[in-house]
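Right, one structure below, let's go through it.
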Amino acid sequence: MTSVKALRPASSKPAAPRHFLDLSEFDGATLKGLIDAAVRRKKARAGMSRGALDKDAPLDGKMLALIFEKPSTRTRISFDVGMQELGGRTLVLTGQEMQLGRGETIADTARVLSRYVDAVMIRTLSHDTLNELAENASIPVINGLTKLSHPCQVMADVMTFEEKKGSIRGRTVAWTGDANNVMASWVHAAARFEFRLRVATPAELAPRPAIKSWAAKSGADIRFIRDAEEAVDGADVVVTDAWVSMGDKEVTKRHNALQPYQVNSALMARAAKDAIFMHCLPAHRGEEVTDEIIDGPQSVVFDEAENRMHIQKAILEWCLSE
Ligand code: CP
Ligand code: NVA
């Protein structure tokens, strides 16, 4: 083992932990470096036997806690498998089985976890909970989705775009549908990776003022509009997500407002001829996207899902590098 957590004296003051909370907190070069590392990890894994993978273990001796206050398939499994393939170990917990579920503060939870494990990934609706965990932890904290953002997802998506179509810099990304957490991370990514972003949402489900003003201040080429066709016209990639995200209410209102934003053949036909279709999954077929699009030749949704694991390996290595 390269490190043993329990041997660190409780009173020692380690360097500030390397959190991965939001793409807005990073410069473009750091994010591109993570994508390069993920591409190298993906190539290496493709050529490796199980035995060789076990020998390439940069996170040997490290323990990652995965805390889920909401359901997950991709995030849970890709972090678990990814960490183990890097030689580390994981502890998968739900908020309900911890004292958090009975009211222990997140700050106290952060201090306790910092004595046991080397890093924490958390999926929680409240972005304040994520920030409070990070502020009080002396170990890295990774955002596995909050109501405000989903940075690991959009890193996998940028990686997938570049794998299929080359550099994303200067290209056009169209978002159509709800102004949700994944959209917000696309806004951050547009500024850091320097691509054009067109976001089409209904007036009643428009982006929060905070993300609009962040976009304006960033100086990036980001437009927030109403019309899905206008957003998709000539785009290199069309992206959408569920109409009802975890924690959302007013399901009927959302369905009615978002119907014109569905990605179907007619809408997709307005994008560039070689455009790709992206969705973070889980998809609600027949709602935000039709079967013919998500199962069609332009869809790269399962590559996005796979790339979650490769990019998160790069993120874990970055967070845990001494
Ligand atoms: N895309 C994504 O984060 O999926 P899960 O909710 O299954 O983790
Ligand atoms: N916007 C969705 C993403 C799920 C991965 C949600 O928050 O439910």
Side-chain angles (χ1 to χ4, degrees), residues 20-23 38 64-83 90 92-95 120-130 142-161 173 175-189 199-202 205-208 211 237-251 253-255 257-258 261-263 277-285 287-289 294 299-316:
F20 191 82
L21 304 179
D22 262 318
L23 304 187
L64 171 69
L66 300 166
I67 303 176
F68 289 91
E69 294 191 332
K70 289 287 156 191
S72 167
T73 297
R74 281 142 289 268
T75 305
R76 185 203 180 291
I77 299 168
S78 58
F79 265 107
D80 197 349
V81 174
M83 183 65 180
T90 58
V92 186
L93 303 157
T94 64
V120 185
M121 189 242 61
I122 186 164
R123 167 167 290 192
T124 172
L125 286 186
S126 161
H127 206 78
D128 290 344
T129 298
L130 172 78
I142 299 172
N143 177 358
L145 179 148
T146 70
K147 203 74 191 117
L148 296 191
S149 60
H150 198 1
C152 294
Q153 179 65 53
V154 174
M155 286 295 280
D157 295 347
V158 172
M159 176 182 172
T160 307
F161 181 96
V173 176
W175 175 277
T176 167
D178 187 27
N180 65 15
N181 41 10
V182 180
M183 182 224 71
S185 289
W186 273 104
V187 169
H188 295 153
V199 176
T201 60
L205 296 170
R208 292 177 169 82
I211 191 76
V237 52
V238 178
V239 195
T240 194
D241 188 11
W243 289 347
V244 182
S245 283
M246 290 180 273
D248 280 343
K249 297 182 181 77
E250 300 183 300
V251 173
K253 175 188 145 184
R254 291 181 154 274
H255 277 249
L258 287 159
Y261 296 82
Q262 181 188 67
V263 183
F277 169 74
M278 282 191 175
H279 189 310
C280 65
L281 304 178
H284 303 76
R285 291 158 174 267
E287 294 180 13
E288 73 271 8
V289 62
I294 197 167
S299 174
V300 298
V301 298
F302 298 110
D303 298 293
E304 293 174 75
E306 178 186 335
N307 286 338
R308 287 291 302 277
M309 184 169 74
H310 305 300
I311 195 69
Q312 288 160 192
K313 281 179 165 177
I315 292 167
L316 285 166

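First listed ligand is number 1; within each ligand, the first listed atom is number 1. These numbers come from a predicted model, not from an experiment.
A salt bridge links D248 and K147; the closest N-O separation between the charged side-chain nitrogens and carboxylate oxygens is under 4.0 Å.
Of all protein heavy atoms, the one closest to atom 7 (O) of ligand 2 is N181 ND2, 2.8 Å. Protein heavy atom closest to atom 4 (C) of ligand 2, with residue, atom name and distance, is L145 CD1, 3.9 Å. Taking atom 8 (O) of ligand 2 as the reference point, the nearest protein heavy-atom neighbour is M246 N, 2.8 Å.
Under 3.5 Å, the side chains of T160 and D303 contain no donor-acceptor pair of N or O atoms. Between Q312 and S78, the side chains place a donor N or O and an acceptor N or O closer than 3.5 Å (distance only, hydrogens not considered).
Close approach of ligand 2 to N180 is summarised as follows: ligand atoms under 4.0 Å from at least one heavy atom of the residue are 1 (N). Close contacts between ligand 1 and T73 involve ligand atoms 5 (P), 7 (O), 8 (O) [criterion: under 4.0 Å to a heavy atom]. Of all the atoms in ligand 1, the ones that sit under 4.0 Å from a non-hydrogen atom of R308 are 1 (N), 2 (C), 3 (O).
When the heavy atoms of H150, M246, H279 are ranked by distance to atom 3 (O) of ligand 1, first place goes to H150. Across the listed options R74, R123, R76, R123 owns the non-hydrogen atom lying nearest to atom 6 (O) of ligand 1. Comparing T146, D248, T73, D241 by heavy-atom distance to atom 1 (N) of ligand 2, the nearest is D241. In this structure, of A184, S245, G177, the residue bringing a heavy atom nearest to atom 2 (C) of ligand 2 is S245.
Rounding to the nearest 0.5 angstrom, the gap separating the NZ atom in K70 from the CG atom in L125 is 4.5 Å.
For the residue pair M278 and F161, the shortest heavy atom distance occurs at CE-N, 3.5 Å.
Between H284 and W243, the distance separating the two ring centers is not shorter than 6.0 angstrom.
Considering both main-chain and side-chain atoms, R123 never comes within under 3.5 Å of ligand 2 through any nitrogen or oxygen pair. Ligand 1 has an N or O atom lying under 3.5 Å from an N or O atom of C280, backbone or side chain. For ligand 2, the polar-atom distance check finds no N/O of C280 at less than 3.5 Å from any of the ligand's N/O atoms.
Distances shorter than 4.0 angstrom occur between a heavy atom of L281 and an atom of ligand 2.
When non-hydrogen atoms are compared, ligand 1 lies under 4.0 Å from the backbone of L281 (N, CA, C, O) but not from its side chain.
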Next item on the list: Apply side-chain hydrogen bond (donor to acceptor under 3.5 Å, both in side chains) to the pair T90 and D80, showing each step before the final yes or no.
Entry: CA-CA 6 Å; T90 58; D80 197 349; 2.7 Å; yes
Next item on the list: Determine, step by step, whether T75 and C152 satisfy the side-chain contact (heavy atoms from CB on, under 4.5 Å) criterion, reporting the C-alpha distance in whole Å, the side-chain angles of both residues, the deciding distance to 0.1 Å, and the verdict.
Entry: CA-CA 9 Å; T75 305; C152 294; over 6 Å; no
Next item on the list: Evaluate the side-chain hydrogen bond (donor to acceptor under 3.5 Å, both in side chains) criterion for residues T146 and N181: first the C-alpha distance (whole Å), next the side-chain angles of each, then the deciding distance (0.1 Å), finally the verdict.
Entry: CA-CA 7 Å; T146 70; N181 41 10; over 6 Å; no
Checklist line | Pair D241-H279, side-chain contact (heavy atoms from CB on, under 4.5 Å): steps then yes or no | finding: CA-CA 6 Å; D241 188 11; H279 189 310; 3.7 Å; yes
